[in-house]
Structures are given as C-alpha cells and as structure tokens.
2 protein chains.
Amino acid sequence: MSGGRLASGRSLWHAGAVKATSSARRIGTVDSKTRGRILDAAERLLLDEGYAAVTSRRVGAKAGLKSQLVHYYFRTMDDLFVEIFRRRAERDLRRFERALAADPSLRTVWKLTTDPSGTVFSIEFVALANHRKAIRAEIAHYAERFRAAQLKALTSAFDKSGITADQIAPIAALLLMTGVAQVLTLDEQLGVKTGHDETVSYVQSAIARLEPEEANP
Amino acid sequence: MSGGRLASGRSLWHAGAVKATSSARRIGTVDSKTRGRILDAAERLLLDEGYAAVTSRRVGAKAGLKSQLVHYYFRTMDDLFVEIFRRRAERDLRRFERALAADPSLRTVWKLTTDPSGTVFSIEFVALANHRKAIRAEIAHYAERFRAAQLKALTSAFDKSGITADQIAPIAALLLMTGVAQVLTLDEQLGVKTGHDETVSYVQSAIARLEPEEANP
DNA sequence: GTCTATACTTCGATAGAC
DNA sequence: GTCTATCGAAGTATAGAC
C-alpha cells in the first residue's frame with residue numbers, strides 16, 4: 001500500500017533526534033483560533049476512526065486547512081496527541097466536578113461513568129499509550145486525577161447514605177463501576193450485547209439498595 | 001517524519017480495490033512452518049508495541065525473514081491480523097474450556113479472566129476493530145463464543161454452589177468480573193495502582209461468600 | 001499566520017527470477 | 001518457497017516566500 005505514519009516516524013515511534021539546541025522553528029500561539037480548529041478536527045478523527053487516523057494530512061483536511069499548519073502549531077504529532085488528551089481530560093474533569101458538587105451520589109457517578117464517548121476516548125488513548133512514552137505519562141497523570149475526584153465524591157456519597165466499609169469500600173465500588181462501564185462500551189462498539197440488560201439492572205438495583213431513593217427519580 | 005503505514009494504505013484503511021476476479025497471485029499453504037513463525041513474530045509485536053507496529057517489514061525482520069514472505073503467506077495485512085486473532089482466540093478458548101472442565105468454579109473463572117496478556121490482547125484488537133470492518137466482525141464472533149463458554153461454566157458453578165438468580169445472575173457476575181479485570185490491567189499498563197488491593201480483596205471475598213471453600217486453597 | 005515546495009522515510013503490494 | 005527489484009502512495013517535518 002502506501003506509506004503512512006504509524007510505524008517509525010522520527011517522533012512517533014522512536015525518540016528521534018530532537019535537535020534540542022538550535023532549531024529556530026516557529027510555533028503558533030496557544031490561544032489561536034486555528035489551533036483550536038485543529039484540535040477539534042483531531043479529536044473527532046480520533047473518536048471516529050481511531051488514533052491511527054490522526055495524521056497531519058488528515059487533520060488538516062478535516063479542519064479545512066493545509067496540513068503544514070498542523071506542524072506550525074504542534075512541534076510533533078506527539079505534542080498534538082498530548083494536547084488533544086489534555087484538553088478533553090480537563091474539560092471532562094470540570095464537568096465531573098460540577099455534576100458531583102450538585103449531586104454527590106452513587107447514581108451520579110454511575111451516570112457519568114457510563115458516558116460512552118468518555119470510554120471510547122480513554123480506550124483509544126490507553127492503546128496509544130501502550131507504545132508512546134510521552135503520552136503514557138500524561139494519561140497516567142490524568143487517570144490519577146480522575147480517580148481522585150471520583151473517589152472524593154463517592155466517599156461523601158457513602159457517608160451521606162451510611163454505607164460502611166464492611167459492605168464495600170468506596171474505591172472498590174469505583175473500580176467496579178468503571179470496569180462494568182468499560183466492558184459495556186467495548187462490547188457495544190463490537191455490536192455485542194449479551195447480558196447487558198441483566199448487568200445494568202443488577203448495578204442499578206445494587207445502587208438503589210445502597211443508596212435508597214430520596215428526591216430525583 | 002517518515003512515512004509509515006497506518007493512515008491510508010490501500011488495504012489498511014479503506015477497502016481498497018480488491019480485484020476479486022483475476023489475480024493469479026500465489027499464497028503459501030496454511031500448514032507451513034514459516035507461516036507459523038510469521039504469526040508468532042506478529043503476535044509478539046502486537047503485544048509488545050501495539051498493532052501499529054505490526055507492519056510487513058517489521059514482522060519479517062522479527063521473524064528473520066524477508067518482509068515479502070509476509071505478503072506471500074497473507075494476501076493483505078488485514079488477513080494477517082485476522083489470523084493472529086483467530087489463532088490466539090482459539091487457543092485461549094480451548095485453555096478456558098479445559099480449565100473449567102477440570103474445576104468449574106467462580107474462582108477459576110476469576111483466575112482466567114485476570115490473565116493480563118489476554119486483556120492486553122483484546123484491548124489492542126478492540127482498538128483495531130474500531131476502524132477495520134473485517135476485523136471487527138471476527139472479534140465480535142469470538143467475543144460471543146468466549147462469553148458463551150464462560151457463561152456455561154459460571155452457570156454450572158452457580159448451580160453447584162446453590163447461588164440463586166436473586167443474588168446475582170451468572171451473566172451479570174461474568175460481566176462484572178470481566179470489567180474489573182479490564183480496569184485493573186489497563187491501570188497497570190499505565191502504572192496506576194490506586195485501589196487495586198482493595199478491589200481485588202473485595203472480589204475475592206465476594207467469591208468466597210458466594211462459593212464457600214471446598215477443596216483447593 | 002498561511003502557503004508552496006520539497007526532503008526523506010516507511011509502508012503495502014506485486015512481478016519475476018531462481 | 002524464497003529472493004531481488006521496484007512502484008506508487010502516504011506520512012512527518014522543514015525551509016522559505018508572501
């Protein structure tokens with residue numbers, strides 16, 4: 001077939017000679033509107049077709065720009081990936097904190113955890129992180145932050161509902177919910193739905209048992 | 001950087017002109033020893049560096065063969081991917097059935113489910129399936145078979161231990177275990193371990209509660 | 001800030017000799 | 001069954017004009 005990108009590019013697979021010293025190469029400002037469009041296009045591409053589809057040429061095309069502009073705003077494609085991830089993670093983190101501040105309950109955590117696009121996003125990045133060190137570090141960092149935020153909310157929800165540690169520890173409940181959400185989403189991507197209804201209703205009844213109804217439906 | 005492969009290749013990303021009719025191109029026999037070596041090398045590469053590292057050239061190098069031999073044994077790279085998957089899935093499936101025939105218990109299912117290489121393998125393929133139709137179909141097929149085999153074992157284990165459906169349905173228990181195993185493995189790949197000990201011991205005690213000790217430790 | 005042009009690398013795939 | 005040779009496409013990245 002044709003050439004491509006994912007197998008050896010200077011910056012993509014090995015570290016590459018970074019030429020740390022000289023290099024007067026110009027880089028666009030972070031608050032540029034064009035830069036935002038590039039990130040939008042790249043994120044869409046990532047979600048729809050996987051990280052392998054995120055090439056400077058395709059991103060440029062999707063954004064209606066010359067592919068070279070991608071290189072103007074991002075020194076390497078790794079930089080672009082890290083930025084896509086950071087931007088999205090930061091946004092989701094805020095959304096999370098806002099929702100949990102408004103209603104710190106088990107069911108809110110469950111609702112947020114089962115957002116499919118969030119899972120697709122993180123699966124794609126875990127696969128990507130599998131072989132790109134710079135990206136792995138970034139993801140690990142946000143994974144910890146996410147878990148901390150969720151744990152905090154879950155802990156306060158447990159306190160409120162009087163759930164004790166000998167029933168289940170908040171952190172265990174969190175990993176359980178995260179895991180279930182992940183399998184369900186992955187399955188769905190494949191078109192597999194065996195047992196989904198039973199599992200969802202099990203989780204929901206477990207939540208209802210631990211955290212009896214109070215106000216919202 | 002350099003060229004590469006994963007972004008547009010004729011057969012990799014779009015369907016490509018398959019030229020279904022003519023094409024007298026020769027293909028090696030399925031029982032060839034060389035073919036096996038190619039599959040071994042490709043599987044290792046996939047596990048260690050991700051699917052993007054599986055190119056005909058790199059596979060050839062890893063197997064100590066000319067890359068063209070990869071094309072001799074596999075018409076397209078998609079064919080190679082499907083074969084890697086099929087071979088491994090079939091092997092795991094047999095291993096599964098053997099282990100569960102010997103000891104059809106909840107804890108055996110848990111032990112098998114938490115094999116990290118199995119999870120890494122399937123994550124990699126789910127990411128791959130995200131944008132390759134032919135592969136997705138294959139994975140979905142095996143996912144169903146796996147689940148069926150596991151479910152059968154779990155159902156018989158539940159019967160044996162007298163676990164009833166109003167505690168938890170076998171299929172729900174299966175998805176729960178699969179999900180937890182997935183999160184744990186993914187986390188570990190990133191170097192994140194927050195809450196793992198608590199979660200593992202929760203699962204183990206849940207298993208012990210549902211399925212009281214009998215013989216093996 | 002954006003564009004044209006271009007260097008260089010790797011990829012998938014095939015043809016044809018041995 | 002394996003090798004040499006080669007095509008054509010796509011990728012990352014840079015230089016330099018506008």
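The chains referred to below are lettered A, B, ... by the order of the sequence lines, with proteins before strands, and numbering in each begins at 1.
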Distance flag, aromatic centroids of F125(B) and F121(B), threshold under 6.0 Å: yes
is_close_aromatic(F85(B), F81(B)), centroid dist under 6.0 Å: no
S201(B) side chain to D197(B) backbone, donor-acceptor under 3.5 Å: yes
Backbone N/O of A172(A) and side chain of E198(B): donor-acceptor pair under 3.5 Å: no
Rounded to the Å, how far apart are [X] [atom1] and [N] [atom2]?
X	N	atom1	atom2	value
L69(B)	dT4(D)	CG	C1'	12 Å
E49(A)	dA10(D)	CD	P	14 Å
M77(A)	dA13(D)	CE	P	7 Å
R75(B)	dA15(C)	CZ	P	13 Å
F74(A)	dG1(C)	CZ	C1'	15 Å

D103(B) and S105(B): side chain donor to acceptor below 3.5 Å: yes
Side chain to side chain contact (heavy atoms under 4.5 Å, CB included) evaluation trace for L176(B) with I168(B): CA-CA 10 Å; L176(B) 240 50; I168(B) 185 168; 4.0 Å; yes
Approximate separation, where rounding is to 0.5 Å, of T178(B) OG1 and L186(A) CG: 11.0 Å
Given R86(A), R88(A), R145(A), the one that forms salt bridge (Lys or Arg N to Asp or Glu O under 4.0 Å) with E138(A): R86(A)
Within the 4.5 Å heavy-atom criterion, are [X] and [Y] side-chain neighbours or not?
X	Y	answer
L175(B)	V180(A)	no
L190(A)	R136(B)	yes
R35(A)	L39(A)	yes

Stretch residues 27-38 of chain A: residues that reach within less than 4.0 Å of DNA chain C through a heavy atom: T29(A), T34(A)
Residues touching DNA chain C, which here means a heavy atom under 4.0 Å, drawn from residues 40-47 of chain A: none
Residue whose nearest DNA chain D nucleotide is more 5′ - Q68(B) or Q68(A): Q68(B)
R57(A) side chain near dG11(D) phosphate (N/O to OP1/OP2, under 4.0 Å): yes
Side-chain N,O (S56(A)) to OP1/OP2 (dG11(D)) below 4.0 Å: no
Closest to side chain of T76(A), choosing from dA13(D), dC11(C), dT4(C): dA13(D)
Selected nucleotide, minimal atom distance to Y73(B) side chain, candidates dT2(D), dT4(C), dC11(C): dT2(D)
Closest-nucleotide 5' rank along DNA chain C - winner of H71(B) and Y72(A): Y72(A)
Strictly under 3.5 Å: I want the nitrogen or oxygen pairs between protein and nucleotides 16-18 of chain D, one per line.
from    : atom 1 : to     : atom 2 : distance (Å)
dA17(D) : N6     : R26(A) : NH2    : 3.4

